Asker: 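Got a structure here, written out as structure tokens. Questions coming.
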Amino acid sequence: MRFEETYSGNVFIKSHPVFEESRVVLYGMPMDWTVSFRPGSRFGPTRIREVSPGLEEYSPYLDRELDDVKYFDAGDIPLPFGNAQRSLDMIEEFVDRILDAGKFPLGMGGEHLVSWPVMKAVYKKYPDLAIIHFDAHTDLREQYEGEPLSHSTPIRKIAEHIGPKNVYSFGIRSGMKEEFEWAKENGMHISKFEVLEPLKQILPQLAGRPVYVTIDIDVLDPAHAPGTGTVDAGGITSKELLASIHEIARSEVNVVGGDLVEVAPVWDPSEQTVNTASKLIREMILGWIK
Ligand SMILES: [Mn+2]
């Protein structure tokens, strides 16, 4: 973690060297201490950066290039291995600093639990916050095997914190019956299986509101993104996910932060997941920072 120009290691392509001059802070949250199945997402941010020079700097979708938006790659937050609570506290404090500086936080996970302290920090600044959530999984459990700090709980936590009606999930195709029922009873929006079409219908309702977007890479079909901890068949294509990012960019919502989580390079033998993730990060930067 750094806020000054002292770092000579691996950074995302075209990262601007000066924090003060940047509008966006890109940062890694290399945590996978609470995953229920395959670990490895702690290595996601590093590998996403390493493959980023393979990207073009220009987005033909958005007709913008990375030189048009100054963003600062702060590296990874040095999280204490195995200590979930202290890791979450450090993440929240880090994002507080980014927001205090008036900058846009763009995070790379790490398991999905890392999004919980980020969303909490963003909500402190934007009390009218809504969450857009792309995922294969509901992530609405109260606990997993008795443990409330689990990567299957972050959406439940933020829904209880800001009100379930302010949370919109898309692409969901896996979860316990009780989780779907809880969402329904509490007025939380879940679009099962589909992403782009329901998103187009919801976005006008969120016009003018501050929105945080959290993307679990496993919303993609395993054919598009095998490199993740909890793969689930029947997902969307990378083309549809890109279109969804662009739909948000073209909408009237005020995107105030975002993340991309659960990228696990060890399960990604041909690296299509990390290369896809890298392109998604480029489009998030170019699409959401006006
Ligand atoms: Mn998931």
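Atoms within each ligand, like the ligands themselves, are counted from 1 in listed order. Since this is a predicted model, take the numbers as computed values, not measurements.
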Asker: Look at K70 together with E21 and state whether they make a salt bridge at an N to O cut-off of under 4.0 Å.
Answerer: no
Asker: Name whichever N, O or S atom of H137 ends up nearest to the Mn ion (ligand 1).
Answerer: ND1
Asker: Under 2.8 Å from the Mn ion (ligand 1), is there an N/O/S atom belonging to H112?
Answerer: no
Asker: State whether E194 and K200 are salt-bridged, where the test is any N-O pair (Lys NZ or Arg NE/NH1/NH2 against Asp/Glu carboxylate O) under 4.0 Å.
Answerer: no
Asker: Provide the atom name of the closest N, O or S atom of D135 relative to the Mn ion (ligand 1).
Answerer: OD1
Asker: With a cut-off of 2.8 Å, does D218 place any N/O/S atom under that distance from the Mn ion (ligand 1)?
Answerer: yes
Asker: Among the N, O or S atoms that D216 has, which is closest to the Mn ion (ligand 1)?
Answerer: OD2
Asker: Output the distance between atom CE (M29) and atom OG (S41), rounded to the nearest 0.5 Å.
Answerer: 10.5 Å
Asker: Can you say whether the rings of F170 and H189 are parallel (under 30°), tilted (30 to 60°) or perpendicular (over 60°)?
Answerer: tilted
Asker: Going by an N to O cut-off under 4.0 Å, is there a salt bridge joining E160 and K157?
Answerer: no
